[in-house]
K.L.:
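Input: one structure, supplied below.
Convention: sequence-line order gives letters A, B, ...; per-chain numbering from 1.
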Amino acid sequence: MSVPYAKLPRWADYGLIPFINLLVAFIVAGLVVLLVGENPFRAAAILIEGAFGGGQNIAYTLYYATNFIFTGLAVAVAFHCGLFNIGGEGQAYIAGLGVAMVGLTFDTVLPWWLNFPLAILGAALVGALWALIPAYLQAKRGSHIVITTIMFNFIAASIMVYMLVDVLKPLTSMAPQTRTFQPGAQLPKLNWMLEAVGFSVRSGPLNVSFLLALVMAFLVWLLIWRTKLGYEIRTMGFSPKAARYAGIKEARIIVITMMISGALAGMMALNPIMGDQHRVQLDFVTGAGFVGIAVALMGRSHPAGIVPAAILFGMLYQGGAELAFEMPNISRDMIVIIQGLVILFAGALEHMFRPWVQTVFASLSPQTVGMAKEQGV
Amino acid sequence: MEVFNVLLQLLDATIRVSVPLLLACLAGLYSERSGIFDIGLEGKMLGGAFAGGAAAAVTGSAWLGLGAAVAVAVGLALVHGFASITHRGNQIVSGVAINFIAAGSTIILGQAWFRQGGRTPSLSGAGRFEAITLPGAEAARDIPVIGVIYAELISGHSILVYFAFLMVPFTWWVLFRTRFGLRLRAVGENPAAVDTAGISVAWLRYRAVICTGVLTGLAGAYLSVAQNAGFVKDMTAGKGFIALAALIFAKWKPVPAMFACLLFGFLEAASIRFQGQAWPMIGKVPVQFMQALPYVLTVVLLAGFIGKAIPPRAGGVPYVKER
């Protein structure tokens, strides 16, 4: 019964099957909309209009997408090594401390273009350190990285609540957040980019961290497919045995990969903190670390897939907010369902439609799936 | 006497907050012992809690609520089974997916059906599992220490509490004294051997996953129909993950699982009881520290510093019949 998966043409493997999976996820989401008593097609129209209907909307969509590019890349890098970093949420959250350190210290001293690289370093360093302990425990002590990173998410949340309520909150303030950064730690907006293409943006949160995210996407591609380290990471992910046999140091690769992953997740903190709110607030990550899982699965762990997948989720976030205005029954939590369905169909059930696609291909043209020889034709 | 009363109250609270952990932890035990990792305990509990609260509110019967909770949790468990057993998908990914689907849909459906900001209508009377007074509890109250413990601590909980604690010896008996239990453990260690003996690996694992669904459903129903009077959005609040931590802490064994859940429950109860107060000898401890302690302890255990937690060997690996 368990026929090994036959080869499909590349475009079917990387295009058709993910597309079918995504389609099914959205059909099921549409059924939920129907269950709530709304029209799914109208909901989709409002959502797309809300995400791309004007300069303002696009700015928000890309702002959310920035978060998801970072966290998606973080999950993807770990995936390549066969590791599941479910701790992006915690790594990004705790990295807020790194950004706060730079922002609160230098915001009146240095201009933004000096604070920005410092904050990148701060966020990346704290995120990487938060991933280091689970990585070390996995590499040296064999504790399951999924469990430890989940635990670290909760520990990070507790630490951040403590820090914001008891340490970083200004004495005069009631809200559990840091003081507002001075302009020296505020990132420039990118609204001019959208205005240059002819949109009008009144005030959008899109800022230079979007460009940083794109640079990181390129660097991740470079790292994974064009460097020796990337080769070793992929070898580990493909077959730890082969990696060991080839003399690749397992523990070293696990620790390095997880630290890169944590650093990428940590950089996500820059976007909301320095780019938009100019202060560290409770729960500023708002699930972006988990969206990264869906984004990485949908983008097949390739930067060229992750960027569009992140924009799709940015569209869902922004469009979802607009949708909640028009259809009170559909709050933003609809996105959480869609996210779950995407993870289910593009991740856990990714091979569900494969046999069916194979049958179709085999009946259309046996050569494409390499069946001709076996059948003795 | 003052200290004794405080301790009694604390232990009573411990029992109440431990029960959902215990049910979810035992739920995870069945699944993980059969080789199916389940980080979707949280989602199944949440789905169960919502279904329980909603059905009890609509029908006015706590038992129908319980039935609905179990049905929904088993449904979600079967989705997990379908993905990880039939389609050999990644079990972690599937568990994550179920957590999100449950988190989102309980809020959306709750708002659409009841329009109370994600809550279900408040339950009363037969819609809720009431506290049961055990026989002789009132009479025993006058006996010092033992009688008070019986009346205050042991008596006066809802039926699900007693059921949860009875599930501990029952689970032990099922796992270690029945044929089903032997096979369940075997399929989690070496599925190929079980297959060679002519027993269906898939069907065994499906049965284990269904057990998980039933117990997480009970855990959810306890939250919304017994402990509280209705469902509140995101009411599991990470309990599924604490249960998972307890399961690892207990090294996948039923009786230690109970003690692990009681320990984590005690930490929670103590952090609520002593919130903002100075501890004897230690001084003032931030609440967040107490909240993080179960997770820290689990990480320390996983690191192998206090005994080693070795998961079932075939855990997380989909079974492929022939190669």
K.L.:
Measure A:Ile335 against the heavy atoms of chain B and call it side chain, backbone, both or neither at under 4.5 Å.
P.N.:
neither
K.L.:
For the residue pair B:Tyr295 and A:Phe154, categorise the inter-ring angle as parallel (less than 30°), tilted (30 to 60°) or perpendicular (more than 60°).
P.N.:
parallel
K.L.:
What heavy-atom pair brings B:Val79 and A:Leu344 nearest, and what distance separates the two atoms?
P.N.:
CG1-CD2, 4.0 Å
K.L.:
Looking at every non-hydrogen atom in both residues, tell me the closest pair between A:Met334 and B:Ile108 and how far apart they are.
P.N.:
N-CD1, 3.5 Å
K.L.:
Does any backbone or side-chain atom of A:Ile159 lie under 4.5 Å from a heavy atom of chain B? Answer side chain, backbone, both or neither.
P.N.:
neither
K.L.:
Between A:Leu349 and B:Phe82, is any pair of side-chain heavy atoms under 4.5 Å apart?
P.N.:
yes
K.L.:
Quick check on the interface: out of A:Met151, A:Lys140, A:Glu350, who has the most heavy-atom pairs with chain B under 4.5 Å?
P.N.:
A:Met151
K.L.:
So which atom in B:Val299 and which in A:Ile155 form the shortest heavy-atom distance, rounded to 0.1 Å?
P.N.:
CG2-CD1, 4.5 Å
K.L.:
Testing the basics here: between A:Val336 and B:Phe100, what is the closest heavy-atom pair and its distance to 0.1 Å?
P.N.:
CG1-O, 3.3 Å
K.L.:
If we define contacts as heavy-atom pairs under 4.5 Å, which of B:Gly43, B:Gly89, B:Ser94, B:Ala97 has the most with chain A?
P.N.:
B:Ala97
K.L.:
Mind checking which of residues 284-294 of chain A sit less than 4.5 Å from chain B, heavy atom to heavy atom?
P.N.:
A:Phe290, A:Ile293
K.L.:
Between A:Ile147, A:Val32, A:Thr148, which residue shows the highest count of heavy-atom pairs closer than 4.5 Å to chain B?
P.N.:
A:Ile147
K.L.:
Given that the side chain runs from C-beta out, which part of A:Tyr162 has a heavy atom under 4.5 Å from chain B: side chain, backbone, both or neither?
P.N.:
both
K.L.:
Can you measure from OG (A:Ser331) to CD1 (B:Ile107) and round to the nearest 0.5 angstrom?
P.N.:
6.5 Å
K.L.:
Taking atom OH of A:Tyr136 as the centre, does the number of heavy atoms from other residues, nucleotides or ligands within less than 6.0 Å exceed 12?
P.N.:
no
K.L.:
For A:Ile150, which atoms come within 4.5 Å of any heavy atom of chain B: side chain, backbone, both, or neither?
P.N.:
side chain
K.L.:
Mind checking side-chain contact (heavy atoms from CB on, under 4.5 Å) for A:Ile133 and listing every partner two or more places apart, or none if nothing turns up?
P.N.:
A:Leu137, A:Phe152
